Structures are given as structure tokens and as C-alpha cells.
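It should be emphasised that the depicted structure is a prediction, and the values quoted were computed from it without experimental measurement. Side-chain atoms are counted along with the backbone in the values below, which use heavy atoms only and exclude waters and symmetry mates.
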Amino acid sequence: MLKELLLNPWYASIIVFVTQILMLYLRTINIIYTTERNMVGAVWSNNGVALTWLISMTIGMHSMVSGDWQPIIGFLLGGTIGTYWGLKKEYKHKDEIK
């Protein structure tokens, strides 16, 4: 199953897209938990960041070496959406504090 995901650039791009969204969203949540000194939330969100980063980077590096462009586009788009989604969450969080 894993081999099929790596060999098919379209499957790989979907996985990279989703893991990038999750990674950047969780990174933003991790920063919020860290600034709030929420130890449990910070540790769990950091584990999520690490796991999604490993998956995304492994497939992304394989794509770079193989010359597959689809996962690279998924990497960039997922990162953009994840950052946007995470920042929207942070802005909402700041509005709730006020």
C-alpha cells in the first residue's frame, strides 16, 4: 500500500496536500497552546506536527528526487491553506480573549 502511494504521484499529492494542511494548522495551534502554557495541548499538538511533517517531507523528498511535480504542488497548496486556516483560528482566539 505504501509503495503504491509513493509510486503514484497523484495519490502522493493528495496525501501531501492533506498532511501539509494539518501540519501548519497544528503548528499554529501549538503556538497558541504554548503561549497559554497549556502543557498537555502543546505536547499533543507538537506530536501531531511532527507526525504530519515526517509524512509530508518523506513523500515530498521522494517526489523531488523522482521529478514528480504533483506532490510538490500539493505541498505548496496544502501549506498555504494550512497557514490561512491556522491564522483564522488564531485571530478568532484573539477576538475571544478581548
Side-chain angles (χ1 to χ4, degrees):
M1 175 75 172
L2 182 61
K3 213 174 218 182
E4 175 66 26
L5 294 175
L6 288 176
L7 293 176
N8 187 324
W10 292 103
Y11 291 154
S13 64
I14 292 168
I15 292 170
V16 168
F17 178 74
V18 171
T19 56
Q20 276 296 103
I21 289 173
L22 290 173
M23 183 190 73
L24 287 159
Y25 176 75
L26 289 170
R27 182 191 67 183
T28 303
I29 299 304
N30 179 261
I31 292 168
I32 292 169
Y33 285 146
T34 302
T35 58
E36 291 175 346
R37 297 177 188 234
N38 179 341
M39 185 69 71
V40 174
V43 168
W44 280 106
S45 60
N46 183 62
N47 288 334
V49 170
L51 182 62
T52 55
W53 182 83
L54 283 171
I55 294 168
S56 182
M57 290 304 293
T58 300
I59 296 172
M61 290 304 295
H62 181 268
S63 300
M64 292 289 287
V65 171
S66 301
D68 297 329
W69 59 270
Q70 298 93 330
I72 297 166
I73 298 298
F75 190 94
L76 296 172
L77 290 176
T80 301
I81 292 170
T83 300
Y84 175 79
W85 189 28
L87 284 174
K88 291 292 279 186
K89 168 89 172 152
E90 183 178 349
Y91 293 147
K92 184 178 177 187
H93 175 75
K94 283 183 180 179
D95 290 341
E96 290 172 358
I97 292 175
K98 290 179 184 180

Non-neighbouring partners of Phe17 that pass side-chain contact (heavy atoms from CB on, under 4.5 Å), sequence neighbours left out: Ile21, Leu77, Ile81
Spatial distance of atom CD1 (Ile31) from atom OG1 (Thr35) [nearest 0.5 Å]: 8.5 Å
Partner set under side chain to side chain donor-acceptor pair (under 3.5 Å) for Thr19, not counting sequence neighbours: none
Any residue meeting side-chain contact (heavy atoms from CB on, under 4.5 Å) with Val40, in chain and number order, not counting sequence neighbours: Asn38, Trp44
Residue list, side-chain contact (heavy atoms from CB on, under 4.5 Å) with Thr80, at least two apart or on another chain: none
Residue pair Ser45 / Tyr33: nearest heavy atoms and the distance that separates them: OG-CD1, 3.8 Å
Set of side chain to side chain donor-acceptor pair (under 3.5 Å) partners for Thr52, sequence neighbours left out: none
Verify same cluster id: Val49, Met57 (apolar side-chain graph, 4.5 Å): yes
Ile29 side, atom CD1; Asn46 side, atom CG - distance, nearest 0.5 Å: 13.5 Å
Contact list for residues 57-79, test side-chain hydrogen bond (donor to acceptor under 3.5 Å, both in side chains), sequence neighbours left out: none
Same apolar cluster (I L V M F W Y, side chains within < 4.5 Å links), Trp53/Leu51: yes
Least distance between heavy atoms, Val16 atom then Gly60 atom: CG2-N, 4.4 Å
Members besides Val43 in its Ile/Leu/Val/Met/Phe/Trp/Tyr cluster (side-chain heavy atoms under 4.5 Å): Met39
Residues in side-chain contact (heavy atoms from CB on, under 4.5 Å) contact with Leu24, at least two apart in sequence or another chain: Gln20, Arg27, Thr83
Single-linkage hydrophobic cluster, 4.5 Å side-chain cutoff, Leu26 and Ile15 together: yes
Separation of Leu54 CG from Ile59 CD1 (nearest 0.5 Å): 11.0 Å
